[in-house]
Participant: 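To start, I am sharing the structure in question, which I have written as structure tokens.
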Amino acid sequence: MNENLFSSFITPSTMGLPVVIIIIMFPIILFPTPTRLINNRLIAIQQWLVQLILKQMMLIHNPKGRTWSLMLISLIMFIGSTNLLGLLPHSFTPTTQLSMNLGMAVPLWAGAVIMGFRYKTKASLAHFLPQGTPLPLIPMLVIIETISLFIQPMALAVRLTANITAGHLLMHLIGGATLALTSISPATATITFIILLLLTGLEFAVALIQAYVFTLLVSLYLHDNT
């Protein structure tokens with residue numbers, strides 16, 4: 001039986017019950033809370049990476065924006081670990097679902113925008129109309145800036161979904177081609193297998209980069225509104 005190309009993106013279920021919640025909560029196990037005075041190497045490396053990423057993202061923020069540091073570091077750890085777990089065989093990647101990515105993007109974007117309108121009302125409203133705009137263009141620019149504001153969370157979610165989905169589909173296609181060519185042309189199958197290995201390494205990098213890009217854009221939206 002030929003496997004459906006998009007079968008790996010179908011939400012898994014056991015006995016008719018979806019298990020996506022269990023899958024989403026699984027990455028928590030990979031980041032244990034340290035309970036000892038001297039941690040092991042794994043926890044020490046994790047803490048060093050967390051501090052490095054957090055310091056990099058918080059450089060541009062004022063004290064009010066830095067209150068979001070726990071939210072942002074939790075976000076990048078969750079997306080990164082979920083993307084990496086999705087590269088395992090017979091696994092499911094929740095970040096390939098647009099509904100889930102929108103569920104992360106919309107509340108974070110809305111919180112940043114609401115904070116901007118609350119604490120920087122004049123500056124937030126000034127984004128809708130650049131200084132020196134000719135009078136006839138004012139209505140059109142206000143409409144364009146309003147649309148661009150509301151399309152920001154959609155752009156966040158679609159970017160993450162498209163990059164993760166495209167990589168998984170490409171790996172699926174090359175893997176199927178390698179399997180089909182094994183009995184036809186072993187030499188060609190070897191070449192496609194090497195390409196598959198290189199693509200897998202690239203997908204590891206993409207999984208981490210997309211987590212960083214998603215969190216960085218949320219951080220920039222927050223910086224513009226604090």
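Starting from 1, each residue takes its place in the sequence as its number. Quick note: numbers below take in every heavy atom, side chains included, and nothing from hydrogens, waters or symmetry partners.
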Participant: Which pairs would a plain distance check flag for residues 104-117, meaning a side-chain donor or acceptor within less than 3.5 Å of a matching protein atom at least two apart in sequence or in another chain?
Facilitator:
unit_1	atom_1	unit_2	atom_2	d
Trp109	NE1	Leu149	O	3.3
Trp109	NE1	Gln152	OE1	3.1

Participant: Restricting to side-chain contact (heavy atoms from CB on, under 4.5 Å), what partner residues turn up for Ile194, sequence neighbours left out?
Facilitator: Thr190, Leu198

Participant: Given Met57 and Ile53, is the side chain to side chain contact (heavy atoms under 4.5 Å, CB included) satisfied, shown in steps?
Facilitator: CA-CA 6 Å; Met57 286 194 300; Ile53 295 171; 3.9 Å; yes

Participant: Give the other cluster members for Ile195, using side-chain heavy-atom distances under 4.5 Å between Ile, Leu, Val, Met, Phe, Trp and Tyr residues; answer none if it is isolated.
Facilitator: Leu84, Leu87, Leu170, Met171, Ile174, Ile191, Leu196, Leu199, Leu202, Phe204, Val206, Leu208

Participant: Can you check side-chain hydrogen bond (donor to acceptor under 3.5 Å, both in side chains) on His168 and Thr93, steps first, answer last?
Facilitator: CA-CA 9 Å; His168 283 53; Thr93 313; 3.1 Å; yes

Participant: Does anything in residues 57-76 pair up under ring-ring contact (aromatic ring centres under 6.0 Å, His included), and if so which pairs, sequence neighbours excluded?
Facilitator: His61-His223

Participant: Would Ile79 and Gln210 count as a side chain to side chain contact (heavy atoms under 4.5 Å, CB included) here? Give the steps.
Facilitator: CA-CA 8 Å; Ile79 297 177; Gln210 288 305 314; 5.9 Å; no

Participant: Is it true that atom OH of Tyr212 has more than 12 heavy atoms of other residues, nucleotides or ligands lying nearer than 6.0 Å?
Facilitator: yes

Participant: With sequence neighbours left out, write down each residue that passes side-chain contact (heavy atoms from CB on, under 4.5 Å) with Leu217, or none if nothing qualifies.
Facilitator: Leu156, Arg159, Val213, Leu220

Participant: List the atom of Ala211, the atom of Gly80, and the distance in Å for their closest heavy-atom pair.
Facilitator: CB-N, 3.5 Å

Participant: For Glu145, what residues pass the side-chain contact (heavy atoms from CB on, under 4.5 Å) criterion, not counting sequence neighbours?
Facilitator: Phe128, Ser148

Participant: Say you draw a straight line from CE of Met100 to OG1 of Thr82; how long is it, rounded to the nearest 0.5 Å?
Facilitator: 5.5 Å

Participant: Looking at residues at least two apart in the chain, or sitting in another chain, which of them share a side chain to side chain donor-acceptor pair (under 3.5 Å) with Thr215?
Facilitator: none

Participant: Can you sort out the partners of Leu179 under side-chain contact (heavy atoms from CB on, under 4.5 Å), two or more places apart, ordered by chain and number?
Facilitator: none

Participant: What's in the same ILVMFWY side-chain cluster as Met140, cut-off under 4.5 Å, chained through other members?
Facilitator: Ile144

Participant: Give the minimum heavy-atom separation between Leu70 and Ile73, together with the two atoms involved.
Facilitator: O-CG2, 3.4 Å

Participant: Atom OG1 in Thr67, atom CE in Met58: separation rounded to 0.5 Å?
Facilitator: 8.5 Å

Participant: So, for Leu54 and Ser69, which heavy atoms are closest and what is the spacing to 0.1 Å?
Facilitator: CD1-CB, 3.6 Å

Participant: Mind checking what makes side chain to side chain donor-acceptor pair (under 3.5 Å) contact with Thr182, not counting sequence neighbours?
Facilitator: none

Participant: Who else is in the cluster with Ile147 when I, L, V, M, F, W and Y are joined by side-chain contacts under 4.5 Å?
Facilitator: Ile143

Participant: Do you know which two heavy atoms are closest between Phe214 and Asn101, and how far apart they sit?
Facilitator: CZ-O, 4.4 Å

Participant: Roughly how far, to the nearest 0.5 Å, is CG of Leu98 from CG of Leu160?
Facilitator: 9.5 Å

